[in-house]
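Structure first, then comments.
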Protein chains: 2
Amino acid sequence: MAYELFSRRGVRDVGVNELIERSGVAKATFYRHFPSKDALVLAFLEQRDQVWTVDAIVGQAKLRGTTPTEQLLAIFDVFGDWFLRDDFEACSFINILLEMGPAHPLGQASIDYLARIRGHVQALAEQAGLDRPEDFARSWHILMKGSIVSATEGDTQAAKRAQQMASWLIEHHRS
Amino acid sequence: MAYELFSRRGVRDVGVNELIERSGVAKATFYRHFPSKDALVLAFLEQRDQVWTVDAIVGQAKLRGTTPTEQLLAIFDVFGDWFLRDDFEACSFINILLEMGPAHPLGQASIDYLARIRGHVQALAEQAGLDRPEDFARSWHILMKGSIVSATEGDTQAAKRAQQMASWLIEHHRS
DNA sequence: AGCGAGTAAGACCGGTCTGTCTGCACCTTG
DNA sequence: CAAGGTGCAGACAGACCGGTCTTACTCGCT
């Protein structure tokens, strides 16, 4: 419920009253479960990490590839499908980070969840035996985030472009 | 005045009342010059394109390099300095695009100004005689935008990482 | 049966937002 | 001097925000 609204329209655009009304719950009940709206947003970010990062992206990529290197590159195949969906809504972590700023608690939480994504990439890089896996993951993450913004602009080929650069990155990190 | 506030704190976080008060102008006078707040934001975006895109980034990069290829790579040198500034505030075009969404008029305007940035890159690519300059510019732009988000997360080396991948991109677009 | 916990519904509070309108001082032009 | 335009200051409108609190009702438990 809140997950759909937050991920599609952003945190700032969805008010507590609307959430209350749509979920058919009383306001007092809501505030008994969550001390503030920000607490609900934190819960949303955690759910987003599981549903989107772990299941939809990393999980799907692991299914599509057999070797760690294939699984890494498959991330951008998943992105390519995702960018074409009509309910494509960019990345909530990036959205909230840029919307609230890195100093805000929700911005900090977004940074943490983005670091978790980078951790998945780094783990695959280590399995693939690549050099300097942390540097690799940070560069890889630049491609992921950049392609998401380009897709938001309307470039449906953004995933392919990023994947091409990603393959060069892999080559340069081979032992 | 409005430029500083909008670029540092975002469009949604700065209200008309605050702008009025800080600029020492009457509210009626403001609304005589701009029919709405969005019209002011549009003027801000245009100013941002000149001050930031044209002068601060592309202009500086052209000063730092002699050949088109050097000027392209110098973009990320400029980014590196920019990321270290304490008043680094990410890219207003990306911020507004993700904040308002691509359907909103301000999101559309942001997409247009991002396309102008890509146009500068494409022009340099053509001067450098690179293959498929439009594809080159779109891939290059992915690196620019991805590094900006990474810098917002706190990665001070984001510009270096993007520059490394950018050099590989140049190599693969040589005739 | 009677009691208390939990909940839906929504009034309410202080504050914010964009945008309009009024009052008053000033300043130029005839 | 008089008229009219201009601009500042700020009240005001109408909507919305996050968050608190009251009211009425429905349950489950003893």
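The sequence lines fix the lettering, A, B, ..., with proteins before strands; numbering per chain opens at 1.
- One interatomic measurement links the two molecules: CD1 of A/I20 to P of D/dG19, which rounds to 11 Å at whole-angstrom precision.
- With sequence neighbours left out, the side-chain hydrogen bond (donor to acceptor under 3.5 Å, both in side chains) criterion links A/E18 to A/R9, A/R22.
- The side chain to side chain contact (heavy atoms under 4.5 Å, CB included) search around B/T156 returns B/L84, not counting sequence neighbours.
- B/H173 places a side-chain N or O within donor-acceptor distance of the main-chain N or O of B/D131, the cut-off being under 3.5 Å.
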Taking only nitrogen or oxygen atoms into account, show me every contact under 3.5 Å that the protein makes with nucleotides 16-18 of chain C, one pair per line with its distance.
from, atom 1, to, atom 2, distance (Å)
C/dT18, OP1, B/K37, NZ, 2.9
C/dT18, OP2, B/V16, N, 2.6

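- The list of ring-ring contact (aromatic ring centres under 6.0 Å, His included) pairs with a residue in residues 42-65 of chain B, not counting sequence neighbours, reads B/Y3-B/F44, B/F6-B/F44, B/W52-B/W82.
- Between atom CG of residue B/L98 and atom CD1 of residue A/I96 there is a gap of 11.5 Å, rounded to the nearest 0.5 Å.
- If you measure from atom CZ of A/F34 to atom P of D/dT20, you get 15 Å, rounded to the nearest angstrom.
- Distance, A/E21 CD to D/dC17 P: 11 Å, rounded to whole Å.
- Judged purely by atom type and a 3.5 angstrom limit, B/S147 uses its side chain to pair as donor or acceptor with the backbone of B/M144.
- Remark: the backbone N or O of A/Q164 is paired with a side-chain donor or acceptor of A/S167 at under 3.5 angstrom.
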Can you name the atoms? Protein N/O to nucleotides 5-8 of chain D N/O, anything below 3.5 Å, with the distance.
from, atom 1, to, atom 2, distance (Å)
D/dG7, OP2, B/R32, NH1, 3.0
D/dC8, OP2, B/A26, N, 3.2
D/dC8, OP2, B/T29, OG1, 2.9

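- Residue pairs meeting the salt bridge (charged side-chain N to carboxylate O under 4.0 Å, His left out) criterion with at least one partner in residues 66-77 of chain B, sequence neighbours excluded, are absent.
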